[in-house]
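This report refers to the structure that appears directly beneath it.
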Amino acid sequence: MARPRPLPPPQPPIGYGRLPIGRWFVFAGVVGLLVLVAGAMLTTGTLTRFSEARHEVIDVVDPAALATLDLSVALTAQEDAVRSFGLTADSRYLSAYARARSDEKAALGRIERLVPGPRLEAVRQASAAWRTQSAEPVLGGAAPTKEHTEVNDLRFGEVRAALNAQRAHLESLHAAKSRQLEQRASTLTFALGMLAAVLVGVLVLIGLIVRHVVLLPVAELTAQVRAVAQGDFDRSLKVDRPAELSELSGHIDAMRRRILAQWRRSEEQAEELRRSNGELEQFAYVASHDLQEPLRKVASFTQMLEQRYGDQLDDRAKQYISFAVDGAKRMQALINDLLDFSRVGRIGGEKVPLDSALPLADALHNLAARVAETGARVTHGPLPEVVGNRSQLTQVFQNLIGNAIKFRGDEPPVVHIEAREVADDMWEFSCADNGIGIEEKYADKIFLIFQRLHTRDRYPGTGIGLAVCRKIVDYHGGRIWLDSQQREGRGATVRWTLPGRSHE
């Protein structure tokens, strides 16, 4: 492949297109900042005055009115306690009087901190006179008389009058402060409206700059790129503004021309590769048949030699003939397994939605003789619908169940197939047996081609079965592994994943 030539320098923009995007936004930002600072100063002053008026109403006048109400309640409670004590001499009313007296002092203290003045002093003097001339004699044990009742009504009436004057003062103060608050709220609303208008103006200015300098050129470049993506590969890419997009469009156009040239060269190479793969596949098929034919002849003629001249051969010659026949048969099995391994995903590998119980049933049908011979018991739980190739999934089940039967222990083989749903509509299958198991250190080795953990004399086979399983599972978009929690001598569990219906 030829070494790519350097990108040609992009054509420099002309006119106001020479200005980069940053310059445009700096200009808009400076203008907007100046206007915002002026509006913010006006709004801040108005907000400060509004906060002061609000503070006077909410934090001064309204708490003073509440404290005045508490004071009225406390004085009324004192008067009720004195009357009740004078009638019943019950000491509980003395406690009620003491609590009301404490509430009165607290209310007076709050009002004094908020709105001190002569009206509050008048309330204090009136309540002191009522206690001296009416409450304290009764609390001291004097029996209430008609004269005492008249004095009590007179003095407590003065207390009520002083409280009414205090309330009237607070109401007038509240009305005045509320009017002031409304005026300042109107001023604040106007200031905020002006600030909002300024913000809208700044945003409109920035929007115009963004549209004219960024969005329209980006849309133009996008349309050009879309046309190229839809197949118009000969269309050139060029925008005039701003400077960054103009340079970017030049570089993209240069890369388009280079990719187009590389693509045309790669098409020629892909066609050559497809032709080469076809020839290689045909060669593999023919070679497998050409290889198997001599092997069949070797095996058959060697067996015929043993049958015809067996009585003339000694034990060592018969052993040599047995070795030759066994080697030919193993070579045939190896060639067939290699062909199966190479064809995974290439020939007849279409994937469709199917019930995974169907390939399992096919595998058990193929293994019926071995299952009956060994007394194996194969069970399975509910199996889902997956997207796959039936014949290839049959091969996966057949290889795994066949291995479980082959590598059995002292007891008859017991194999259980299970499936459960995992994330993203993937199903995890498991094949568990009670065989001799596999050591954890061989967990990855068993899925490699031609890897064996036992001699052929003890366990026959080519060592390709699990490699074929892994290649089939990989082709279906899943993975296969040995469950590391199973230990040697306690059976083995192989797990693999397959996509569900949503992956169709």
Side-chain angles (χ1 to χ4, degrees), residues 48-186 188:
T48 300
R49 292 190 293 272
F50 172 78
S51 298
E52 292 174 352
R54 180 179 176 277
H55 169 73
E56 292 178 356
V57 172
I58 296 177
D59 298 333
V60 177
V61 178
D62 288 347
L66 291 175
T68 301
L69 179 62
D70 293 341
L71 177 61
S72 176
V73 171
L75 290 172
T76 302
Q78 291 179 47
E79 201 263 345
D80 290 342
V82 170
R83 285 180 182 273
S84 299
F85 181 79
L87 294 174
T88 63
D90 191 342
S91 61
R92 290 179 299 175
Y93 294 108
L94 293 177
S95 300
Y97 175 81
R99 287 194 300 272
R101 182 77 177 93
S102 176
D103 294 342
E104 176 193 0
K105 291 179 181 179
L108 285 171
R110 295 202 304 272
I111 298 172
E112 182 69 29
R113 289 191 299 272
L114 295 171
V115 285
R119 296 172 185 79
L120 181 61
E121 186 62 28
V123 174
R124 185 182 284 111
Q125 292 177 0
S127 62
W130 169 76
R131 274 191 296 275
T132 301
Q133 300 180 19
S134 177
E136 292 178 356
V138 173
L139 296 176
T145 61
K146 181 178 180 181
E147 292 78 5
H148 175 267
T149 302
E150 293 176 353
V151 171
N152 180 76
D153 293 341
L154 176 63
R155 296 306 177 202
F156 205 78
E158 293 175 353
V159 171
R160 289 195 181 92
L163 284 172
N164 290 334
Q166 174 70 9
R167 281 196 290 267
H169 171 65
L170 291 176
E171 289 175 358
S172 63
L173 185 62
H174 184 275
K177 296 297 183 182
S178 296
R179 287 192 298 272
Q180 185 182 32
L181 180 61
E182 291 176 358
Q183 293 174 355
R184 294 184 177 178
S186 299
L188 178 61

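Taking every heavy atom of both residues into account, Ala135 and Val82 meet most closely at CB-CG2, 3.8 Å.
Note that CZ of Arg167 is 7.5 Å distant from CG of Leu69, once rounded to the nearest 0.5 Å. Residue Arg124 holds its CZ atom at 5.0 Å from CG of Leu120, rounded to the nearest 0.5 Å. Interatomic distance, Asp62 CG to Ser178 OG, rounded to the nearest 0.5 Å: 7.5 Å. Atoms CZ and CG, on Arg101 and Leu75 in that order, are 9.0 Å from each other to the nearest 0.5 Å.
The ring pair (Phe, Tyr, Trp, His ring centres under 6.0 Å) pairs that include a residue from residues 149-182 are Trp130-Phe156, where partners are two or more places apart or lie in different chains. Sorted by first and then second residue, the ring pair (Phe, Tyr, Trp, His ring centres under 6.0 Å) pairs with a member in residues 60-110 form an empty list; sequence neighbours excluded.
Taking 4.0 Å as the cut-off between side-chain N and carboxylate O, Arg131 and Glu104 count as a salt-bridged pair. Here Glu79 pairs with Arg83 in a salt bridge; the nearest charged N to carboxylate O distance falls below 4.0 Å.
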Sequence neighbours left out, cut at 3.5 Å: what donor-acceptor pairs do the side chains of residues 105-119 make with other protein atoms?
residue	atom	partner	partner atom	Å
Arg110	NH2	Asp70	OD2	2.7

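At a threshold of 4.5 Å between non-hydrogen side-chain atoms, the residues Leu154 and Glu150 do not count as touching. For the pair Asp153 and Thr149, the minimum side-chain heavy-atom distance is below 4.5 Å. Taking 4.5 Å as the limit, every side-chain heavy atom of Glu158 sits out of range of all side-chain heavy atoms of Gln125.
Under a 3.5 Å cut-off, the side chain of Ser72 and the backbone N or O of Thr68 do not form any donor-acceptor pair.
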- request: Apply side chain to side chain donor-acceptor pair (under 3.5 Å) to Gln133 and Asn152, showing your working.
  value: CA-CA 8 Å; Gln133 300 180 19; Asn152 180 76; over 6 Å; no
task: Would you check, one step at a time, whether the test salt bridge (charged side-chain N to carboxylate O under 4.0 Å, His left out) holds for Arg179 with Glu182?
output: CA-CA 5 Å; Arg179 287 192 298 272; Glu182 291 176 358; over 6 Å; no
